[in-house]
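The structure under discussion appears below in the form of structure tokens.
Throughout, protein chains are lettered first and strands after them, A, B, ... in sequence-line order, and every chain is numbered starting at 1. Since we're looking at a predicted model, the values are computed, not measured.
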Amino acid sequence: MTRVLKLNIDEHLSRDRAVRPKILDTDIDGAERVLTMLNHLIDINAATEESFRIAMNAFLRRGRFRWMRHQHVTCAADQIEDLLETLIELKSPSDVSIATYNLALEAYAVCSTPRGERDYARRAESLVKRMEQVFEVLPVESYKHVLHAFAWQQANLEEGECARKACELLKLIEQRTEDGLTLMQCYDWTLEVWSKSGSAGSASEAQVLLDKMKTLNLTLSTNDIENGAHLILDADTYCNAILAWAKNSVSTGAVRANDILLEMVDRFNKGEFAPGSEPSLIAFNGVMAAWGRQGRADMAENVLKLMDELRLKCTNLTPDAISYNSVIHAYLRSADKELALQKVSELVKFMEDNYHKQPAIKPNGFTYSTLMKCWIQSDREDVAEQSEATLMRMQRLWDSGDISVQPTNRMFNMVINAYAKGNSRDAARKAVLLLESMKQSELCQPDVVTYTSVIECLSKSTDPQSAEKAEELLSEAFQRYQETKDNTLRPNARTFAMVILTLARTNGSAVKARELLVQLLELYKETNDPDLRPNEYLYNYVLNCAANTIEASKKIVAFQIAAMTYQEMRKSNLVRPDSFTYAFWLKCCNNLIPPGDLRKKCVEYAFEECRKEGLVSKEVLLRLTQGNPPKLVDKLLDFPQNSKASDTKRSAYRRVIKVQDLPRAWSRNVYRK
DNA sequence: GTAGGGTTAG
């Protein structure tokens with residue numbers, strides 16, 4: 001019984017703190033009974049410091065295990081803390097031996113948790129402060145336990161507070177001792193804090209410690225080595241140094257992490273680590289991720305190859321899906337998008353073909369969505385179809401019971417957006433079908449991005465029904481939002497923009513376009529929500545929609561709407577006319593006003609204003625020169641009025657003039673943001 | 001130790 005528990009405890013004393021401590025359900029090792037006996041001795045006034053120490057040691061042997069006591073989870077640190085306080089009360093602070101205090105410090109260190117909910121490190125720190133007041137000088141061991149507690153408690157990671165505390169203690173310990181074993185152990189713990197800390201400079205701090213360990217390792221005495229000092233510098237130590245660099249955002253992080261990885265492999269191959277200490281998956285995956293962030297897929301793949309070679313020599317090292325995904329993601333981020341697509345397709349195929357032999361490399365949702373992104377960023381013709389095929393592949397796997405490839409509405413949205421960006425003839429039909437299947441699905445409900453992207457597909461469609469469908473979808477989204485109160489479904493300015501764009505492109509009603517703009521403005525006034533703030537696009541699309549009015553009977557109303565919208569833009573404090581505004585407004589003048597004085601006046605006034613604002617673009621110039629009387633064009637372009645140029649010369653001038661030929665000031669703001 | 005959706009016009 002005790003033997004089995006001892007083994008389990010050893011396992012929990014290991015450095016792997018990722019595993020949550022287990023909760024014991026019985027008094028498996030009799031520590032509770034020891035406590036009962038101690039309490040009995042206290043009752044009869046027969047408890048000595050030695051009896052307390054026996055009970056403390058009984059709990060300390062439980063390591064990180066936890067158990068229930070009065071409906072609360074408790075652990076060795078809590079129990080030993082209570083026992084120490086009782087003992088101090090019975091005797092006096094100075095009558096309790098330092099060795100007994102140290103048992104409590106050790107318990108704090110052992111029970112310290114990564115997230116530090118119980119704050120044992122700080123409790124260790126305050127106990128050591130009390131000890132300093134009672135005793136003249138404390139042994140290094142006391143400080144070592146506190147350092148150990150800070151090393152394993154990783155709360156305040158961002159601020160690096162635990163790391164700083166550990167460093168202060170390390171400095172103190174370095175001053176007090178030259179014992180190789182102690183120093184190696186303390187360096188190793190401090191290195192562990194830096195590897196987990198995201199604070200600035202953590203990688204170089206980790207590097208300093210690794211270097212110190214390597215130097216000290218060379219100078220250790222035979223005595224130290226017999227006590228296991230050189231065994232502390234092992235694969236775990238290297239892993240910590242690697243991860244410190246790997247997560248570092250500076251561009252050299254990947255290079256440094258990679259160098260240390262190679263050094264670790266070299267040492268491992270030479271048999272320099274303790275038996276059973278071997279390079280870990282997490283070190284390799286960390287380096288691959290670091291290369292990926294630099295877009296260095298070639299290097300990430302080299303690391304994967306290295307890992308594949310090394311696994312034969314290791315008992316536990318084998319690449320997993322994250323390893324492959326990291327390389328895949330690195331290709332996604334690499335510069336050559338065509339190579340990326342080829343490589344990623346190959347790697348995914350390899351995973352699919354080999355996971356029966358290597359279950360850890362079974363492709364998951366991450367794998368497929370990265371493949372999908374690779375298709376989307378490629379220049380291939382059938383991007384939308386291929387990304388849809390990838391999504392359907394996931395859907396089939398999911399339907400057959402594979403829970404690791406759950407499709408998400410984001411992926412559906414990515415496919416729909418691929419259709420919106422492509423030039424597939426029936427993009428709109430496909431997009432609407434995808435929307436319908438999302439509505440049927442329990443997993444991937446459409447949201448406002450879905451609706452907006454489907455409407456964007458409709459805006460590119462030549463189907464005369466598109467505008468009607470777009471309006472239907474907008475009100476459907478509104479209805480679903482009102483039913484569910486789900487904010488991700490609420491239409492926003494962009495959704496409105498896409499509906500108006502659809503109207504503009506399908507010669508739809510300017511009245512409707514205007515109504516939508518007014519509706520959005522009212523919503524924005526009510527809520528002041530930045531997502532509903534109309535921008536230049538909204539107004540410009542309304543102008544373009546009006547300009548595209550074909551039916552003669554509707555042109556007057558369309559012009560009124562355009563004029564109103566243009567005037568509003570000039571006075572608005574939300575938007576300012578831009579070069580598109582003037583181009584669309586001139587288009588309105590040309591298309592909606594019959595030739596004559598009124599049109600001439602409008603064009604003249606608009607162009608002069610546009611020139612003053614420095615917004616004369618190629619399109620503005622085109623709208624001016626095409627469809628307006630040559631005399632007016634010449635006047636507005638400042639063609640020398642009294643020159644004796646012939647009409648053909650003038651006409652040629654008007655045909656070839658470019659924005660660049662005009663005074664710079666006329667177009668100084670065309671590209672302003 | 002691996003991410004991710006709409007950024008629009010003429």
Side-chain angles (χ1 to χ4, degrees), chain A residues 18 195-196 239 242-243 246-247 257 261 280-293 300 303 307 319-333 363-374 376-377 387 391 407-421 431 444 446-457 459-460 488 491-502 504-505 531 535-545 547-548 578-588 590 617-623 626 670 673:
Chain A
S195 93
K196 305 249 159 62
C239 182
I242 289 165
L243 292 181
K247 67 154 81 173
L261 181 84
S280 69
L281 174 66
I282 181 168
F284 286 89
N285 284 358
V287 177
M288 286 190 280
W291 282 125
R293 268 176 253 122
V303 174
M307 174 154 59
D320 66 359
I322 293 184
S323 318
Y324 278 83
N325 286 349
S326 297
V327 178
I328 286 174
H329 187 244
Y331 275 112
L332 175 74
R333 297 279 307 267
N364 56 26
F366 186 98
T367 316
Y368 289 113
S369 71
T370 311
L371 173 62
M372 186 192 278
K373 280 230 87 179
C374 268
I376 288 173
Q377 69 170 22
S387 58
L391 179 64
T408 64
N409 68 345
R410 289 194 164 218
M411 292 180 201
F412 274 90
N413 290 349
M414 282 161 72
V415 174
I416 294 172
N417 189 45
Y419 275 115
K421 297 292 173 289
C444 305
D447 59 14
V448 63
V449 177
T450 320
Y451 279 98
T452 308
S453 300
V454 174
I455 298 171
E456 189 179 346
C457 288
S459 80
K460 291 195 166 171
T488 66
N492 55 35
R494 203 169 141 58
T495 322
F496 278 82
M498 287 302 141
V499 181
I500 301 176
L501 178 63
T502 312
R505 281 178 174 163
D531 287 347
N535 57 16
E536 280 78 4
Y537 285 90
L538 269 293
Y539 287 85
N540 291 346
Y541 286 156
V542 173
L543 290 182
N544 193 22
C545 183
N548 287 343
D578 56 20
S579 66
F580 285 88
T581 310
Y582 287 103
F584 287 139
W585 171 241
L586 286 171
K587 187 178 169 188
C588 285
N590 293 346
S617 65
K618 183 180 159 211
E619 293 296 331
V620 168
L621 198 53
L622 204 71
R623 294 292 166 196
Q626 292 184 353
V670 170
K673 262 286 155 202

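- Residue A/M414 contributes atom CE, which lies 13 Å from atom P of B/dT7 at whole-angstrom precision.
- Residue A/R505 is in sugar-phosphate contact alone, with no base atom involved, counting any heavy-atom pair closer than 4.0 Å across all strands shown.
- Stacking of the aromatic ring of A/F584 onto the base of B/dG10 is not found under the criterion of centres within 5.5 Å and planes under 30°.
- Put simply, A/K421 has a side-chain N or O that comes within less than 4.0 Å of OP1 or OP2 on B/dT7.
- With sequence neighbours left out, the ring-ring contact (aromatic ring centres under 6.0 Å, His included) criterion links A/F284 to no other residue.
- Contact annotation for A/Y541: base contact, defined as any heavy-atom pair under 4.0 Å involving a base atom.
- The phosphate of B/dT8 has neither OP1 nor OP2 within less than 4.0 Å of any side-chain N or O from A/R494.
- For A/F580, whose side chain is taken as the heavy atoms from C-beta onward, the closest listed nucleotide among B/dA9, B/dG4, B/dG6 is B/dA9.
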Under the criterion side chain to side chain contact (heavy atoms under 4.5 Å, CB included), I'd like the reasoning laid out for A/N409 against A/V449: C-alpha separation, chi angles, the key distance, then a yes or no. CA-CA 9 Å; A/N409 68 345; A/V449 177; over 6 Å; no
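- Among the heavy atoms of the strands lying under 4.0 Å from A/A289 are primed sugar atoms or P, OP1, OP2 only; no base atom is included.
- Listed nucleotides B/dG10, B/dT8, B/dT2 differ in distance to A/A497; the shortest reach to its side chain belongs to B/dT8.
- Using a 4.0 Å heavy-atom cutoff across all strands shown, A/S459 reaches no nucleic acid atom at all.
- Across all strands, A/N364 comes closer than 4.0 Å to no nucleic acid atom at all (heavy-atom distances).
- Among the nucleotides B/dG10, B/dT2, B/dG6, the one closest to the side chain of A/K587 is B/dG10.
- Within the 4.0 angstrom heavy-atom criterion, no nucleotide atom of any strand lies near A/T367.
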Residue pair A/M307, A/S323: steps toward the side chain to side chain contact (heavy atoms under 4.5 Å, CB included) verdict: CA-CA 9 Å; A/M307 174 154 59; A/S323 318; 3.5 Å; yes
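- Residue contacts for A/N535: at a heavy-atom cut-off of 4.0 Å it reaches a base atom on one of the strands shown.
- A distance of 13.5 Å separates NE2 of A/H329 from CE of A/M288, quoted to the nearest 0.5 Å.
- Between the CE atom of A/M307 and the C1' atom of B/dT2 there is a distance of 12 Å, rounded to whole Å.
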Evaluate the criterion side chain to side chain contact (heavy atoms under 4.5 Å, CB included) for residue pair A/C239 and A/L243; output intermediate values, then yes/no. CA-CA 6 Å; A/C239 182; A/L243 292 181; 4.0 Å; yes
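- Nearest nucleotide to the side chain of A/S326, out of B/dA9, B/dG4, B/dT2: B/dT2.
- Every residue was checked against the side chain to side chain donor-acceptor pair (under 3.5 Å) condition with A/K618, not counting sequence neighbours, and none meets it.
- Distance A/L391 CG to B/dG4 C1': 13 Å, rounded to the nearest Å.
- Judged by atom type and distance alone, A/T452 reaches the base of B/dG6 through a side-chain donor-acceptor pair under 3.5 Å.
- A/L501 comes within contact range of the sugar-phosphate backbone alone, with a heavy-atom separation under 4.0 Å but no base atom that close.
- Side-chain atoms of A/T408 come within donor-acceptor range of the base of B/dG4, with a qualifying N/O pair under 3.5 Å.
- The residue A/M288 sits apart from the nucleic acid: no heavy atom pair falls under 4.0 Å.
- A distance-only check finds a donor-acceptor pair linking the side chain of A/N590 to the backbone of A/R623 [under 3.5 Å].
- Looking at A/T450, its side chain has no donor and acceptor atom pair within 3.5 Å of the base of B/dG6.
- When distances run from any side-chain atom of A/I322 to the nucleotides B/dG10, B/dG6, B/dT2, the shortest one goes to B/dT2.
- A/I416 has its CD1 atom 10 Å from the C1' atom of B/dG6, to the nearest Å.
- With rounding to whole Å, A/Y331 atom OH is found 16 Å from B/dT2 atom C1'.
- No engagement by A/M372 is indicated, since no non-hydrogen atom pair under 4.0 Å with the nucleic acid exists.
- The side chain of A/N417 lies closest to B/dG6, out of B/dG4, B/dG6, B/dG10.
- To the nearest angstrom, P of B/dT7 lies 17 Å from CG of A/N540.
- Atom CG in A/L281 sits roughly 12 Å away from atom P in B/dT2 (whole-Å rounding).
- Within 3.5 Å, no donor on the side chain of A/N544 pairs with an acceptor on the base of B/dA9, nor the reverse.
- Of all heavy-atom pairs between A/C444 and A/P407, the closest is SG-O, 3.3 Å.
- One donor-acceptor pair, N or O on each side, does fall under 3.5 Å between the base of B/dG6 and the side chain of A/N492.
- For B/dG6, neither phosphate oxygen OP1 nor OP2 lies less than 4.0 angstrom from any side-chain nitrogen or oxygen of A/R410.
- Contact annotation: A/R293 reaches the phosphate of B/dT2 (side-chain N/O to OP1 or OP2, under 4.0 Å).
- Here the P atom of nucleotide B/dG4 and the CD atom of A/Q377 are 11 Å apart, to the nearest Å.
- Centre separation under 5.5 Å together with a plane angle under 30° holds for the ring of A/Y537 and the six-membered base ring of B/dT8, marking them as stacked.
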